[in-house]
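Atoms within a ligand are numbered from 1 in the order they appear, just like the ligands themselves. For the single chain, residues carry numbers from 1 onward in sequence order.
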Amino acid sequence: MRIVDLIKNSDKTAFSFELLPPLKGTGIDKLYNNVETLLEFDPKYINITTHRSEYVYKDLGNGMFQRSRERRRPGTVAVAAALLNRYNIPTVPHILCSGYSRKDTEYVLLDLQFLGITDLLILRGDKAKHESSFVPEPEGYSHALELEYQINNFNKGLFEDGSPIKSPGAPFSYGVACYPEKHEESPNMDQDIYWLKKKIEAGAEYAVTQMFFDNQKYFDFVERVRKEGINVPIIPGIKPFRKLNQLSMIPKTFKIDLPQELAAEALKCKNDDDTTALGIEWSINQCKELIKCGVPSVHFYTVGAVDSVKQIAKNIY
Ligand code: FAD
């Protein structure tokens with residue numbers, strides 16, 4: 001069943017979460033523990049993020065450095081397959097423009113099809129750390145929309161060079177990202193929604209939001225996109241606040257605001273345990289209001305916060 005159908009057919013607000021593949025060499029057991037911590041809440045699907053390779057410099061000890069490209073978190077496809085196989089829960093690997101040529105993407109699609117994984121989240125991906133703005137790979141794409149076109153063609157039985165696929169498999173369905181507080185590179189919200197609409201018209205069946213801590217931003221965004229004729233589910237993405245340093249890290253990294261009430265309460269916290277408790281309480285209130293207002297699904301960003309998500313889920317499901 002496609003993600004959008006899983007959400008629509010869920011008798012209560014659907015629960016889902018995102019996991020990062022393990023750091024290279026650290027094994028998959030921690031990921032299994034994370035899934036098992038959250039299994040009791042009946043996750044409808046699990047997203048697996050993708051991380052582009054970055055340049056690293058190895059000190060050769062003779063005053064010289066060797067530059068190479070490294071993927072710190074490889075394994076998105078394998079993790080998606082391992083979790084599907086072990087828990088029989090649909091997995092949604094993230095497919096990026098960033099760091100991938102169209103041929104690379106084609107090989108990923110072939111692997112996924114063989115594995116029976118046909119739900120994707122289509123994203124441009126973050127820029128490389130050494131670049132000041134996003135630079136596509138040679139023979140790659142600048143925007144998620146172009147990746148959608150490649151996947152649509154693949155679904156129609158065409159490789160990226162236009163040649164026919166002899167035996168096309170099950171088609172892919174997919175969602176995309178959206179930003180209640182605007183994507184950082186967009187000149188304004190109207191322009192950002194213009195491109196979101198293009199992504200939906202191209203075939204995205206739902207959109208998952210960037211994290212937000214102020215529900216009003218989500219409600220205003222949904223009202224605005226509906227006026228523009230975007231009618232797919234807009235799935236709220238919730239991240240539990242956990243550490244005092246996130247007061248500056250979250251706005252810096254994700255280009256979103258933290259509400260003054262949350263910031264003021266965080267400043268009263270004496271340690272990370274206090275901040276974690278505050279984050280849990282804040283997310284519970286956010287989720288309760290979102291659910292009361294009839295959101296189709298709540299999606300959790302679990303990085304470093306699986307135990308917080310468990311506490312939140314206990315209170316809302
Ligand atoms: P796009 O849709 O390409 O949009 C990027 C910018 O370009 C926006 O300002 C948009 O308005 C504009 N735009 C869009 N299409 C066009 C066009 N055709 N022409 C001109 N302008 C256009 N990053 C990772 O690296 N790995 C992940 O696993 C990952 N998972 C994520 C999951 C979610 C739910 C979210 C919200 C984000 C995630 N990100 C991830 C971060 C994401 O990759 C970045 O925010 C990235 O900068 C933008 O991705 P996008 O798919 O929204 O890009």
Counting from 1, what ligand 1 atoms have a heavy atom of S186 closer than 4.0 Å? 9 (O), 11 (O)

Counting non-hydrogen protein atoms only, what is the nearest one to atom 30 (N) of ligand 1? Give residue, atom name and distance. H94 ND1, 3.1 Å

the protein heavy atom lying closest to atom 26 (N) of ligand 1 turns out to be T50 O, 2.7 Å

Do any nitrogen or oxygen atoms of E18 come within less than 3.5 Å of a nitrogen or oxygen of ligand 1? no

Residue-level breakdown please: for L96 versus ligand 1, do any non-hydrogen atoms fall below 4.0 Å on the side chain, on the backbone, on both, or on neither? side chain

Provide, to 0.1 Å, the distance between atom 46 (C) of ligand 1 and the closest protein heavy atom, together with that atom's residue and name. G125 O, 3.5 Å

Report the nearest protein non-hydrogen atom to atom 25 (O) of ligand 1: residue, atom name, distance rounded to 0.1 Å. D126 N, 3.0 Å

Donor-acceptor pairs under 3.5 angstrom involving side-chain atoms of residues 13-28: please list them, not counting sequence neighbours.
residue: S16; atom: OG; partner: Y45; partner atom: OH; Å: 3.3
residue: S16; atom: OG; partner: H299; partner atom: ND1; Å: 2.7
residue: K24; atom: NZ; partner: E70; partner atom: OE1; Å: 2.9
residue: T26; atom: OG1; partner: L23; partner atom: N; Å: 3.3
residue: T26; atom: OG1; partner: L23; partner atom: O; Å: 2.6

Need the ligand 1 atom indices (1-based, order shown) with element for anything under 4.0 Å from a heavy-atom of L145. 18 (N)

Judged by modelled atom types alone, do S98 and R52 share a side-chain donor-acceptor pair under 3.5 Å? yes

Provide the number and element of each atom of ligand 1 under 4.0 Å from a heavy atom of T49. 28 (O)

Taking the inter-plane angle between the rings of W195 and H143 on a 0 to 90° scale, is it parallel (under 30°), tilted (30 to 60°) or perpendicular (over 60°)? parallel

Do the side chains of K227 and E223 get close enough for a salt bridge, i.e. N-O under 4.0 angstrom? yes

Could you tell me whether ligand 1 has any atom less than 4.0 Å away from a heavy atom of Y301? yes

Just need the protein heavy atom nearest to atom 38 (C) of ligand 1, so name the residue and atom and give the distance. L123 CD2, 3.7 Å

Nearest protein heavy atom to atom 18 (N) of ligand 1, by residue and atom, and its distance? W195 CZ3, 3.3 Å

Taking atom types as modelled and ignoring hydrogens, do the side chains of D104 and S101 form a donor-acceptor contact shorter than 3.5 angstrom? yes

Out of A177, P21, G175, S98, indicate the one that has the non-hydrogen atom closest to atom 35 (C) of ligand 1. A177

If you count every heavy atom of other residues, nucleotides or ligands that lies below 6.0 Å from R72 atom CZ, does the total exceed 12? no

Using distance alone, determine whether E185 and ligand 1 share an N or O pair under 3.5 Å. no

Atom 49 (O) of ligand 1: closest protein heavy atom, distance to 0.1 Å, is Y179 OH, 3.4 Å

Using a strict threshold of under 4.0 Å (side-chain N to carboxylate O), is an ion pair present between K310 and E40? yes

Is the shortest N/O to N/O distance between R124 and ligand 1 below 3.5 Å? yes

D192 heavy atoms, cut-off 4.0 Å: which ligand 1 atoms fall inside? 8 (C), 9 (O), 10 (C), 11 (O)

Side chain, backbone, both or neither: which part of H143 comes within less than 4.0 Å of ligand 1 when only heavy atoms are counted? both

Got E106 and R102 here, is their nearest side-chain heavy-atom distance under 4.5 Å? no

Using the test ring pair (Phe, Tyr, Trp, His ring centres under 6.0 Å), find all partners of Y218 that sit at least two apart in sequence or belong to another chain. F212

Just checking, any donor-acceptor pair under 3.5 angstrom between side chains of Q311 and N315? no

Applying a strict 4.0 Å limit to heavy atoms, is Y194 in contact with ligand 1? no

How far apart are the C-alpha atoms of N152 and Y174, what are their side-chain angles, what is the distance that settles it, and do they pass the side-chain hydrogen bond (donor to acceptor under 3.5 Å, both in side chains) test? CA-CA 10 Å; N152 293 347; Y174 53 84; 2.7 Å; yes

Can you find an N/O atom of K199 closer than 3.5 Å to an N/O atom of ligand 1? yes

Salt bridge check: are K252 and E184 linked by an N-O gap of less than 4.0 Å? no

As an exercise, identify every atom of ligand 1 less than 4.0 angstrom from a heavy atom of Q210. 36 (C)

The protein heavy atom nearest to atom 9 (O) of ligand 1 is H183 ND1, 2.9 Å

If the threshold is 4.0 Å, N to carboxylate O, is there a salt bridge linking K268 and E265? yes

